[in-house]
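Side chains included, hydrogens not; waters and symmetry mates left out as well; all remaining heavy atoms used. Values in this document were obtained by computation on a predicted structure and should not be read as measured data.
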Amino acid sequence: MQLVEPRPARPVPIRITPLIDVVFILLVFFMLTSRLLPVSFMELSNSTGDTSPVTGEPVPEVTVQRDGKAQWKGETWTVEALVSELRASGVNEINLATASATRLTDFTTAYSRLSDSGITTHWKRTPQPAEQP
């Protein structure tokens, strides 16, 4: 004799609502506990050594001046003239630095023009001048 009737054979439905609740709780937990890396600590791959890592030869340094012209070997050049001179001299790699008051537009223009012409260009950060009291 059976006291309880057996359940009818039908599939048990999967309830998604509790699963979604758990996923949202985990999402909120990771959003609140994760720490993002500040941009000031981001390191970019940029080799500005005095010698080429491939050939060991000295890498020339070109400085972008305040007026957008470039200085190399003590002479001032326009960027287009500098590209031609570097190609004629067989220079394929340079370090590009800036003067203290160089505009970002002038730097990026010179960097793009040199890179587009096939010259491997490494940018070099110019140290800030010390503040005067």
Side-chain angles (χ1 to χ4, degrees):
M1 174 176 157
Q2 273 187 326
L3 297 177
V4 178
E5 292 183 16
R7 289 182 165 184
R10 61 179 185 186
V12 177
I14 298 174
R15 296 179 184 192
I16 302 227
T17 304
L19 181 65
I20 293 173
D21 289 344
V22 169
V23 168
F24 276 122
I25 288 171
L26 287 174
L27 179 67
V28 169
F29 172 77
F30 285 117
M31 286 174 57
L32 294 177
T33 59
S34 64
R35 299 177 72 186
L36 300 177
L37 184 66
V39 176
S40 61
F41 293 112
M42 189 178 299
E43 293 184 14
L44 300 175
S45 174
N46 188 26
S47 173
T48 57
D50 292 335
T51 59
S52 172
V54 178
T55 60
E57 297 177 3
V59 176
E61 183 170 319
V62 175
T63 304
V64 179
Q65 300 296 318
R66 182 178 182 177
D67 57 356
K69 294 184 178 180
Q71 185 175 13
W72 180 51
K73 290 185 177 177
E75 297 181 27
T76 303
W77 307 77
T78 61
V79 176
E80 287 75 21
L82 178 66
V83 168
S84 300
E85 184 65 23
L86 290 172
R87 283 185 177 170
S89 300
V91 175
N92 296 325
E93 187 176 8
I94 63 165
N95 287 334
L96 186 64
T98 58
S100 60
T102 302
R103 296 180 305 170
L104 181 61
T105 304
D106 294 331
F107 172 75
T108 54
T109 301
Y111 182 85
S112 299
R113 181 72 181 104
L114 290 164
S115 296
D116 291 345
S117 66
I119 297 171
T120 304
T121 307
H122 307 283
W123 54 269
K124 187 173 186 178
R125 180 177 290 180
T126 304
Q128 294 291 330
E131 293 184 21
Q132 297 179 0

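Here E85 pairs with nothing under the side-chain hydrogen bond (donor to acceptor under 3.5 Å, both in side chains) rule; sequence neighbours left out. Partners of T120 under the side-chain contact (heavy atoms from CB on, under 4.5 Å) rule, at least two apart in sequence or in another chain, are E93, H122. Residues passing the side-chain hydrogen bond (donor to acceptor under 3.5 Å, both in side chains) test with Q65 are Q71, sequence neighbours excluded. Evaluation of the salt bridge (charged side-chain N to carboxylate O under 4.0 Å, His left out) rule for R103 yields D106 as partners, not counting sequence neighbours.
The hydrophobic cluster containing M31 also includes I16, I20, F24, L27, under a criterion of side-chain heavy atoms closer than 4.5 Å among ILVMFWY residues, counted directly or through chains of members.
Between the CZ atom of F30 and the CG atom of L26 there is a distance of 6.0 Å, given to the nearest 0.5 Å.
Of all heavy-atom pairs between V64 and T102, the closest is O-OG1, 2.8 Å. Residues A99 and T63 come closest through the heavy atom pair N-CG2, 3.8 Å. Listed here is the closest heavy atom pair of F107 and L96: CE1-CD2, 3.6 Å.
Between D67 and K69 there is a side-chain heavy-atom pair separated by less than 4.5 Å.
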Donor-acceptor pairs under 3.5 angstrom involving side-chain atoms of residues 108-116: please list them, not counting sequence neighbours.
residue : atom : partner : partner atom : Å
T108    : OG1  : L104    : O            : 3.0
T108    : OG1  : T105    : O            : 3.0
T109    : OG1  : T105    : O            : 2.7
S112    : OG   : T108    : O            : 2.8
S115    : OG   : Y111    : O            : 3.0

Go through the steps to decide whether W72 and L86 satisfy the test side-chain contact (heavy atoms from CB on, under 4.5 Å), and finish with yes or no.
-> CA-CA 10 Å; W72 180 51; L86 290 172; 3.7 Å; yes
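The closest donor-acceptor contact from the side chain of S117 to the backbone of V83 lies at 3.5 Å or more, if one exists at all.
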